[in-house]
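What follows is a single structure, written as structure tokens, with notes after it.
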Amino acid sequence: MPTTTWDIELKDLWGGYNNTKILKGINGSLPAGKISVILGGSGCGKSTLLRHILGLNRPMEGSIHIGGHDFFAVDSKQFRKIRRRMGVLFQDGALLGSLTLGENVGLPLAEHTKLPQETIRKIVLHKLGLVGLADYIDYYPNELSGGMRKRAGLARAIVMDPQILLCDEPTSGLDPINAAEMDQLLLSMKEHFPAMSIVVVSHDLESLYNIADNVLVINQGQAAYCGNLEGLKSSEETYLKQLLGRQPNSVKQPTIDLGADVQAELSKWLEK
Ligand code: ADP
């Protein structure tokens, strides 16, 4: 496929489940060579958007262009080819408990290539080295900590040298030290694979500030912001300020008068 860069362009993207529309005309771009963070409140449709970019859900309207190709308009062979260039880090690492770390990480290579076992092991060892787990190649997932399992999930996501790396909440469930380590790993991925589009779904603000070049904020099914991190930080838009924790939610609380007699009765009891 004559694709030189792997920018992802969302063009008036509508999508959801059955008849329920969750994404309501999203426009935005997730450029190659950058880390783009998809940010938004819980349930706003971040994972749904990820499923569309992965090709698991078809848009109801609009399109997703990947490297200039309309992802859902190409023929099935090209579609599979684009899919094969995507790596995914699922929330829990999604490792198979009955396989060693090496077997887990090598699984995509065993499934999609006819490379000899020996070569696969060398590639796996190299990828595990990138996430600091080369010494654990023969361990089983239950012998590792949660943070290590996530890192192993990252090694598996990059084992086929993807052009697009999609990460679903990579820091969720991690303590601050492991979360900061994951941020560092994602930054090192950008350095190691400079042409890759890295897309991270997150609601972790600290992680956002650590890793994001580009941010797509979803609110009420639409892109409330798409651009660089600096622009988001300095935005005066109320929702964006609330999202970054710079302004509380202005929920009006009704005032209910207690009444002097009730207050007096309560005071009597408190003084007893
Ligand atoms: P987020 O990742 O931002 O927390 P999701 O994309 O998971 O949000 O969910 C957005 C909305 O879509 C929610 O209202 C959720 O209940 C709904 N939803 C998610 N997955 C499905 C599904 N498989 N079928 C039907 N509705 C779903």
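Ligands are counted one by one from 1 in listed order, and the atoms in each one are counted from 1 as well. Nothing fancy with the numbering, it's 1 onward along the sequence.
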### Task
Go through ligand 1 atom by atom and flag the ones less than 4.0 Å from a non-hydrogen atom of G41.
3 (O)

### Task
Using protein heavy atoms only, decide if any is under 4.0 Å from atom 10 (C) of ligand 1.
yes

### Query
Going through the checks in order, is the side chain to side chain contact (heavy atoms under 4.5 Å, CB included) test met by L243 and Y225?
CA-CA 11 Å; L243 191 72; Y225 177 84; over 6 Å; no

### Task
Could you check atom 18 (N) of ligand 1 against the protein and tell me its nearest heavy-atom contact, residue, atom and distance included?
Y17 CE1, 3.3 Å

### Task
Tell me which protein heavy atom sits closest to atom 13 (C) of ligand 1, plus the residue, atom name and distance to 0.1 Å.
G43 O, 4.0 Å

## Note on the structure
Note: T48, heavy atoms under 4.0 Å from ligand 1, region reported as both

### Proximal ligand 1 atoms for S42, defined as those under 4.0 Å from one of its heavy atoms
4 (O)

#### Entry: Passing option when E169 is tested against H203, Q91, K46 for side-chain hydrogen bond (donor to acceptor under 3.5 Å, both in side chains)
H203

### Message
Any heavy atom of C44 closer to ligand 1 than 4.0 angstrom?
### Response
yes

### Query
Tell me, which protein residue and heavy-atom name are nearest atom 7 (O) of ligand 1, and how many Å apart are they?
S47 CB, 3.7 Å

### Query
Quick check: does any side chain N or O of S235 sit under 3.5 Å from a backbone N or O of L232, one acting as donor and the other as acceptor?
no

### Query
Is E143 close to Y136 at the side-chain level, that is, under 4.5 Å between some pair of heavy atoms?
no

### Query
Can you find a heavy atom in the side chain of L125 that is under 4.5 Å from one in the side chain of K122?
no

### Query
Looking at atom 16 (O) of ligand 1, is any protein heavy atom nearer than 4.0 Å to it?
no

### Task
Would you mind running through ligand 1 and noting each atom that sits below 4.0 Å from a heavy atom of K46?
1 (P), 2 (O), 3 (O), 4 (O), 6 (O), 8 (O)

### Query
Judging by distance only, is a nitrogen or oxygen of I22 under 3.5 angstrom from one on ligand 1?
no

### Task
Check the pair L10 / L216 against side chain to side chain contact (heavy atoms under 4.5 Å, CB included), numbers first and verdict last.
CA-CA 11 Å; L10 311 171; L216 170 63; 3.8 Å; yes

#### Entry: Option nearest atom 8 (O) of ligand 1 (shortest heavy-atom distance, choices G16, G45, G221)
G45

### Message
Less than 4.5 Å apart, side chain to side chain, heavy atoms only: is that true for M86 and P162?
### Response
no

### Task
Report the distance from atom CD1 of I8 to atom NE2 of H52, rounding to the nearest 0.5 Å.
14.0 Å

